[in-house]
Amino acid sequence: MNEPDRTDPAPRRARKAKAADTPAVQEPGRTNDPEATMANILEVATREFAEKGLAGARIDEIAALTRTSKRMIYYYFESKEGLYIAVLEESYRRIRHIESDLHLEDLDPEAALRRLVAFTCDYQRENPEFVRLVLNENMHRGEFLARSESIQTLNIPAINGLRSVYERGVAAGVFRAGLDPVDLHMSISALSVFNVANRHTFALIFKHDFDDPASIAHRRDNIVEMIACFVCIARQG
């Protein structure tokens with residue numbers, strides 16, 4: 001059966017704010033805790049959207065795996081697309097929140113860069129659902145990210161943090177000048193995401209166990225060193 005035609009996620013935020021105070025109807029046998037309910041929905045929906053994509057995921061199935069109902073999911077998020085956008089926002093919010101706790105400003109520029117690259121590799125590896133969500137959204141050409149009111153705001157600190165590290169390194173004579181922080185961020189992301197997005201095909205083609213802890217650590221160290229060699233003056237030539 002097709003999902004109900006509820007394609008406009010615009011009212012979602014007003015409804016979501018209202019739901020944060022109290023849901024319209026208390027479901028029998030369910031806890032009246034809107035924040036916990038929404039967190040549970042987002043957790044389950046993240047797995048479903050990452051595994052099946054927007055088209056393949058079904059609100060019926062998500063509701064069956066949560067501590068709430070299909071009706072309450074629509075109450076909180078308005079539509080399947082509204083829930084999908086909320087999942088994307090929460091996924092980006094989580095990685096940016098953790099990045100803010102790296103305290104890169106307390107380290108010298110090269111150490112800060114290395115910590116950021118290592119974190120990115122580890123995070124992508126440990127959160128393959130995030131990688132699949134991003135890949136899926138790219139298949140939609142960013143259509144739903146474009147509808148988000150907060151995604152770009154969430155990602156500004158990531159570039160600003162890297163820019164700060166890079167500019168400190170240039171000022172200290174440690175990093176070579178002329179690099180674009182956005183391009184550098186893209187290079188770090190590309191190396192980190194490929195480990196997750198292509199590990200199954202690489203494992204089959206090259207008969208290599210990419211899930212072996214030693215292999216994971218070795219690959220992460222190589223990526224950290226590649227970025228350091230690209231950026232650091234002392235490692236040029």
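Bear in mind that the values here come from a model prediction, so they are computed numbers and not experimental data.
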Linking I/L/V/M/F/W/Y whenever their side-chain heavy atoms sit closer than 4.5 Å, directly or via other members, would [X] and [Y] fall into one cluster?
| X | Y | result |
| --- | --- | --- |
| Ile85 | Leu133 | yes |
| Val193 | Leu162 | no |
| Ile98 | Val134 | yes |
| Val131 | Leu145 | no |
| Val44 | Tyr74 | yes |

For the atom pair [atom1] ([X]) and [atom2] ([Y]), what is the distance rounded to the nearest 0.5 Å?
| X | Y | atom1 | atom2 | answer |
| --- | --- | --- | --- | --- |
| Leu113 | Cys232 | CG | SG | 6.5 Å |
| Thr68 | Lys70 | OG1 | NZ | 13.0 Å |
| Arg47 | Lys52 | CZ | NZ | 11.0 Å |
| Met72 | Arg67 | CE | CZ | 13.5 Å |
| Asn222 | Cys229 | CG | SG | 10.0 Å |
| Ile62 | Glu43 | CD1 | CD | 12.5 Å |

In the structure I gave you, are the side-chain heavy atoms of [X] and [Y] within less than 4.5 Å of one another anywhere?
| X | Y | value |
| --- | --- | --- |
| Thr153 | Tyr92 | no |
| Glu167 | Pro109 | no |
| Phe119 | Arg114 | no |
| Leu42 | Leu83 | yes |
| Asn160 | Ile156 | yes |
| Val231 | Arg176 | no |
| Leu88 | Phe49 | no |
| Arg219 | Ile216 | no |

>> How close do Cys121 and Ser192 get, counting heavy atoms only, and between which atoms?
In response: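 Nearest pair, atom of Cys121 first, then Ser192: SG-OG, 3.3 Å.
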
>> Can you give me the closest heavy-atom contact between Gly53 and Asn136, atom names plus distance?
In response: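 Answer, listing the atom of Gly53 first, then Asn136: CA-OD1, 3.6 Å.
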
Could you tell me whether a side-chain N or O of [X] sits under 3.5 Å from a main-chain N or O of [Y], the two making a donor and an acceptor?
| X | Y | answer |
| --- | --- | --- |
| Glu110 | Val174 | no |
| Thr201 | Asn198 | yes |
| Asn40 | Thr66 | no |
| Asn127 | Phe130 | no |
| Asp212 | Ser215 | yes |
| Ser148 | Phe144 | no |
| Arg58 | Ala55 | yes |
| Ser79 | Gly82 | yes |
| Lys80 | Leu54 | yes |

> How does the hydrophobic cluster around Phe206 look, that is, which other residues are in it when side-chain heavy atoms under 4.5 Å mark a link?
Replying inline: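 When side chains under 4.5 Å apart are linked, the cluster holding Phe206 also contains Phe194, Phe202, Ile205, Phe210.
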
> By the rule that ILVMFWY residues connect when side-chain heavy atoms come within less than 4.5 angstrom, directly or transitively, which residues belong alongside Val182?
Replying inline: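 Members other than Val182 - counting any ILVMFWY side chain reachable under 4.5 Å - are Ile159.
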
>> Tell me whether the count of non-hydrogen atoms from other residues, nucleotides or ligands lying under 6.0 Å of NE2 in His140 goes above 12.
In response: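 Yes.
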
> Near Met186 CE, under 6.0 Å, is it more than 12 heavy atoms from other residues, nucleotides or ligands?
Replying inline: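 No, CE of Met186 has 12 or fewer neighbouring heavy atoms, counting only those of other groups under 6.0 Å.
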
> side chain to side chain contact (heavy atoms under 4.5 Å, CB included) between Glu89 and Ile151: does it pass, once the steps are laid out?
Replying inline: CA-CA 6 Å; Glu89 290 174 343; Ile151 286 289; 3.9 Å; yes

>> Can you confirm whether the side chains of Asn195 and Arg220 place a donor and an acceptor under 3.5 Å from each other?
In response: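 Arg220 and Asn195 do not have a side-chain donor-acceptor pair below 3.5 Å.
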
> Hey, mind stepping through Tyr123 and Glu99 against side-chain hydrogen bond (donor to acceptor under 3.5 Å, both in side chains) and telling me if it holds?
Replying inline: CA-CA 10 Å; Tyr123 187 89; Glu99 280 179 345; over 6 Å; no

> Can you list the steps and then say if Asp221 with Glu225 is a side chain to side chain contact (heavy atoms under 4.5 Å, CB included)?
Replying inline: CA-CA 6 Å; Asp221 292 345; Glu225 194 62 28; over 6 Å; no

> Does Asp211 come within less than 4.0 Å of Arg125, counting only side-chain N to carboxylate O?
Replying inline: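 Here Asp211 pairs with Arg125 in a salt bridge, since their nearest N and O are under 4.0 Å apart.
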
>> Less than 4.0 angstrom from a charged side-chain N to a carboxylate O is my criterion; do Glu143 and Arg147 meet it?
In response: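 Salt bridge present between Glu143 and Arg147.
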
> Considering residues at least two apart in sequence or located in another chain, which fulfil the ring pair (Phe, Tyr, Trp, His ring centres under 6.0 Å) criterion with His97?
Replying inline: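 Expected list: none.
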
> Can you name the side chain to side chain contact (heavy atoms under 4.5 Å, CB included) partners of Arg132, sequence neighbours left out?
Replying inline: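 Per chain and number, Arg132 pairs via side chain to side chain contact (heavy atoms under 4.5 Å, CB included) with Ala50, Glu51, Pro128, Glu129.
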
>> One pair to check against side chain to side chain contact (heavy atoms under 4.5 Å, CB included): Val165 and Leu116. What are the steps and the verdict?
In response: CA-CA 10 Å; Val165 169; Leu116 178 61; 5.9 Å; no

>> According to side chain to side chain donor-acceptor pair (under 3.5 Å), who are the partners of Arg168, at least two apart in sequence or on a separate chain?
In response: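 Applying side chain to side chain donor-acceptor pair (under 3.5 Å) to Arg168 gives none.
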
>> Applying ring pair (Phe, Tyr, Trp, His ring centres under 6.0 Å) as the test, list every pair that has at least one member in residues 145-187; sequence neighbours left out.
In response: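 For residues 145-187: none.
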
